[in-house]
Number of protein chains: 2
Amino acid sequence: MRETVTAKDVAKLAGVSQSSVSRVYFEGASVSEKTKKRVKEAAEELGYRPNVYARSLITNQSKIIGLVMKGVQNPFYAQALKRFSSLFKKHGYSVLFVYTNNDEIQQEDVETLLNYNVAGVVVTDATMLFSVGEEFKKNNIPLVFFNRKLSTENFYSVCCNNIDASRSIAKYLLSKGASELVLITGKVDTSTSIEREKGFCEVLDHQKVPYRIYNSDYTYEGGYHTAMTVLKEKRLPSAIFVANDIMAFGVIDALRKNGVRIPEDTKIVGFDNIDMASWPAYELTTWEQPIEEMINETVDYLMNEIASYTGLVRDIEVDGKFIERKTT
Amino acid sequence: MRETVTAKDVAKLAGVSQSSVSRVYFEGASVSEKTKKRVKEAAEELGYRPNVYARSLITNQSKIIGLVMKGVQNPFYAQALKRFSSLFKKHGYSVLFVYTNNDEIQQEDVETLLNYNVAGVVVTDATMLFSVGEEFKKNNIPLVFFNRKLSTENFYSVCCNNIDASRSIAKYLLSKGASELVLITGKVDTSTSIEREKGFCEVLDHQKVPYRIYNSDYTYEGGYHTAMTVLKEKRLPSAIFVANDIMAFGVIDALRKNGVRIPEDTKIVGFDNIDMASWPAYELTTWEQPIEEMINETVDYLMNEIASYTGLVRDIEVDGKFIERKTT
DNA sequence: CTGAAAGCGCTTACAG
DNA sequence: CTGAAAGCGCTTACAG
C-alpha cells in the first residue's frame, strides 16, 4: 500500500497543531521560525509530502500548465518543448503534455485541460474552435498561441514578425538577381504560412517580378514532393522561398537528386533556423525565429495572468534575423 | 471567478442524492439506467465536470503517467513522445512531461512525480539513483526504463536487442569485405552504447579483425567532431559503425566535407532508423529499432501493473531489423 | 439500486 | 503566531 504520512502525523510528532504544519508548507502563511524548524524536522523524519490533490481541491488552483503540441517531429517544436519545460519548472509549474493529432484541438483534450484545472495553457501549432477558447476564458484560464495566431483577434499570441521577415527575404533574393521565383507554402490555413506568403508576394508584386506559388504542408516529405512538381515544369525558378526549414531540406534533397546545383542553378531560403540548418549537408540560408524571446514572452504573459487575471489579448510579434549560408 | 458546478448541484436538479450523481461518474458503481439518464441530463444542463482533485484525494490514485525525457531533440525520442502520448490517451491517462537536463533524474523531478502520485512512470533516456527507484517501489508505482537498462537488475526495462543487432552489423560489414573498422560509441555510460559496443566487438575479436573505438555522445555534433578526429589519423577505416543515426549524419557530413566518398572510400552504418535515415541526403544503412513494439510492451506492462501491482522486474528485448541503404 | 453520513488531507476564517 | 473547527467535492461503507 502506498504509505501516506499526513500533516496530522507530522503535527503529532512536532507537538504542534495540524494547522501549523499546513502553514509551514503554504507560501505566505505566518509561522514562527521555531515551529517551522520543529515541523520541518518532524516532516523529514516521517517523509512527509503535502498532498497536492487536497491542496488543489481547496485552493481551486493547480501548478500545472497545459502544453498542446502537434508537430513534435519538427525540431523547432522539440526545441520549444524543451525550453518551455525548463522554464515552467523554474517557475514551479509542471507540464501536462497534450499531443493532438489533429489541426484542431479536440474536445477530449480540452476536457483534460479543464479537468486538471490547469493554471494556463500554451498551444503551439494547432487551432481551436472559438467556443473552446471561450471555455478557458470563462474559467479565467490564460491561454496563449505560440507561433500561431487566430484570425479572430480574441486571444493572446506570440509569433515572429513573419510579414517583415518574408519581405526581407524577397528583397534579399531580388538583390541577388533572382528574376523568377517560387514560393512553397506551409499548411495553407496556418497563420504563419499565410503571413509569410503575404510579405513575400507583396514585395514581388510591387516590383512586378513574376512568381509561382505551390502549396505544401510544412513537412520534409511535403517539401520533397512539391519540389518534384516544380521540377516537372519547364523553367527552373532562379530562387525558391520555402516556408520552413524542414520542408526546405526536402526541397534541396529533391533538387540535388535531379542534378540541380544549389545555389548555382537555383537559390533556396528557408525559415526557422533550426539546428539542422547549419549542418554541412544543407548550410541553409534562412530566417532565424527568435525562439528564446518568443518563449520568454509567452511564459511571462502566462505568469502575470496567473498572478492576476486580466484577460489581456494581444498579438505579440518578435523580430528575428536573416542568416545567410550557402544555399543562396 | 471560475464557475464551479458540483455533484450537489446536479443532484438537486436531477432530484437524486449526491451519492447517486457520484455513482454515475464512477466506473463500476451501480446505478439504474433511469437515474443515470436523469443525472446526465442535469449535468449537461449545468455543465458539470467531476473534480479530479477531490476524486484523487479519496481514491489515492491518479490518471497521470509521468514521462521522463531528456533527448527530445533526437527524432527517435520525439517519435516516442508522440506515440506514448497517443497511446496513454487511448487508455485514459494524461501525461505529465518531465524534462530532465541531466543524465540522472533529479530529486526535484522525483518529488513532482511523487506529489502527483502518478499511476506509473516511463523513463526514456536518463538514469536514476537506486534509492530513487526504491521510492517508487515503496509507493507501488510501476516504472519502466525505455531504451535504457540499469545495471542493477531491479527494474523493468524495454529495449531493442542491442547485442544481437550489433553482432549482425559486424557480420554484415565483414561480409562486405571490411578489413579495418571503427566504432563510434554513444554516451559511454549508457546501456545502449555499452551493448552495441559489446556485440560489435565480440564478432570482430572472434574473427581477429582489427578495429578502433572512439567514444562520442549520441549527438550530431559529437558524430561530426569524432569523425574529424578519425580523419586526422592516417588510415581511413573501411567501415564505421556509428551507435545511432543522428550521430551517423554528423559523421557522414564531416567525411563528405573532407572529400571522403561513401560508401566507396568507407562504409557507414547507423542505428535507430529514424525517418531522416531514408532522406536522400543520407540514405543511411542502419538497424531499425522496433519502436512501435517497444512502446506497446512498455504501455502494456504499465497498464497491467496499474490494474494490479506485482512489482515484476524483467529486461525485455525486442528484435529489430537491418535496413540496407546506400551508405554501405 | 439508493440515500445519509463519514472521511480523504488539506486551507482558512475565527478567536485568542 | 497558534489552535480548533468548518469545509473543499468527492468516494464509499452502511442500511434499507
Side-chain angles (χ1 to χ4, degrees), chain A residues 1-43 46-64 111 114-117 119 139-140, chain B residues 1-43 46-64 111 114-117 119 139-140:
Chain A
M1 303 302 105
R2 313 199 171 181
E3 126 246 42
T4 163
V5 179
T6 72
K8 206 170 156 190
D9 302 324
V10 177
K12 189 180 287 176
L13 182 61
V16 299
S17 74
Q18 183 267 131
S19 340
S20 287
V21 174
S22 172
R23 288 190 182 101
V24 171
Y25 291 92
F26 192 73
E27 214 174 335
S30 50
V31 230
S32 67
E33 277 308 316
K34 198 173 118 201
T35 62
K36 191 177 212 161
K37 183 161 171 287
R38 289 227 304 255
V39 168
K40 288 263 181 195
E41 280 170 7
L46 262 30
Y48 171 67
R49 184 178 299 119
N51 184 314
V52 295
Y53 295 107
R55 175 174 291 178
S56 284
L57 174 58
I58 305 226
T59 61
N60 202 22
Q61 294 186 113
S62 78
K63 284 292 208 175
I64 302 177
E111 295 295 334
L114 258 18
N115 280 343
Y116 283 102
N117 194 15
N139 290 287
N140 286 8
Chain B
M1 301 303 102
R2 314 201 169 178
E3 126 246 44
T4 163
V5 179
T6 72
K8 206 170 156 190
D9 302 324
V10 176
K12 188 179 288 176
L13 182 62
V16 299
S17 74
Q18 183 267 130
S19 341
S20 287
V21 174
S22 172
R23 289 191 181 100
V24 171
Y25 290 93
F26 193 74
E27 214 174 334
S30 49
V31 231
S32 68
E33 277 307 316
K34 198 172 119 203
T35 63
K36 192 177 211 162
K37 183 162 171 287
R38 289 229 301 253
V39 168
K40 288 263 182 196
E41 280 169 6
L46 262 29
Y48 172 67
R49 183 178 300 119
N51 184 314
V52 296
Y53 295 107
R55 174 174 292 176
S56 284
L57 174 59
I58 304 228
T59 60
N60 203 20
Q61 294 186 111
S62 77
K63 285 291 208 177
I64 302 178
E111 295 294 333
L114 258 17
N115 280 342
Y116 283 102
N117 194 14
N139 291 286
N140 286 8

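Bear in mind that the values here come from a model prediction, so they are computed numbers and not experimental data.
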Describe the nucleic acid contact of [X] in one word from base, sugar-phosphate, nothing, applying a heavy-atom distance below 4.0 Å.
X	answer
B:Ser56	nothing
A:Val21	nothing
A:Ser20	sugar-phosphate
B:Thr6	sugar-phosphate

Inset, instruction - Say whether, by atom type as modelled, one donor and one acceptor occur between the side chain of B:Asn117 and the main chain of B:Asn60 under 3.5 angstrom. - result: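 Side chain of B:Asn117 to backbone of B:Asn60, a donor-acceptor pair under 3.5 Å: yes, one is there.
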Inset, instruction - For the pair A:Asn51 (side chain) and A:Thr6 (backbone), establish whether a donor and an acceptor sit closer than 3.5 Å, ignoring hydrogens and angles. - result: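 Pair absent, no side-chain N/O of A:Asn51 close to backbone of A:Thr6.
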Inset, instruction - Please list all pairs passing the side-chain hydrogen bond (donor to acceptor under 3.5 Å, both in side chains) test where one or both residues lie in residues 28-38 of chain B, with sequence neighbours left out. - result: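 Checked against side-chain hydrogen bond (donor to acceptor under 3.5 Å, both in side chains) - neighbours excluded - the pairs reaching residues 28-38 of chain B are B:Ser32-B:Thr35, B:Lys37-B:Glu41.
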Inset, instruction - Could you identify which residues of residues 25-33 of chain B place a heavy atom less than 4.0 Å from some atom of DNA chain C, listed by residue number, or say none? - result: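 Residues of residues 25-33 of chain B under 4.0 Å from DNA chain C: B:Ser30, B:Val31, B:Ser32.
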Inset, instruction - Quick one: list whatever passes ring-ring contact (aromatic ring centres under 6.0 Å, His included) with A:Tyr25, sequence neighbours left out. - result: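 For A:Tyr25, the residues satisfying ring-ring contact (aromatic ring centres under 6.0 Å, His included) (neighbours in sequence not counted) are A:Tyr48.
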Inset, instruction - Name the residue closer to the 5' end of DNA chain D, choosing between A:Thr35 and B:Lys8 according to the nucleotide with the nearest heavy atom. - result: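 Comparing both residues, the 5'-ward one is A:Thr35.
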Inset, instruction - Treating a pair as Watson-Crick (purine N1 to pyrimidine N3 plus N6-O4 or O6-N4) or G-U wobble (N1-O2 and O6-N3) with both distances under 3.5 Å, list the stems of 3 or more consecutive pairs that involve DNA chain C. - result: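 Correct response: C:1-3 with D:14-16, C:5-12 with D:5-12, C:14-16 with D:1-3.
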Inset, instruction - On DNA chain C, check which nucleotide each of A:Arg23 and A:Tyr48 is closest to and give me the residue with the more 5' one. - result: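 Of the two residues, A:Tyr48 wins.
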Report, one line per pair, each donor and acceptor closer than 3.5 Å where one atom sits in a side chain of residues 11-24 of chain A; sequence neighbours left out.
residue	atom	partner	partner atom	Å
A:Ser17	OG	A:Ser19	N	3.4
A:Ser17	OG	A:Ser20	N	3.2
A:Ser17	OG	A:Ser20	OG	3.4

Inset, instruction - Look at the rings of A:Tyr116 and B:Tyr53 and say which category their plane angle falls in: under 30° parallel, 30 to 60° tilted, over 60° perpendicular. - result: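 The arrangement is perpendicular - the two ring planes meet at more than 60°.
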Inset, instruction - On DNA chain D, reading 5' to 3', which nucleotide is the first and which the last to sit with an atom under 4.0 Å from a heavy atom of chain B, could you check? - result: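 Range of nucleotides within reach of chain B: D:dG9 to D:dA13.
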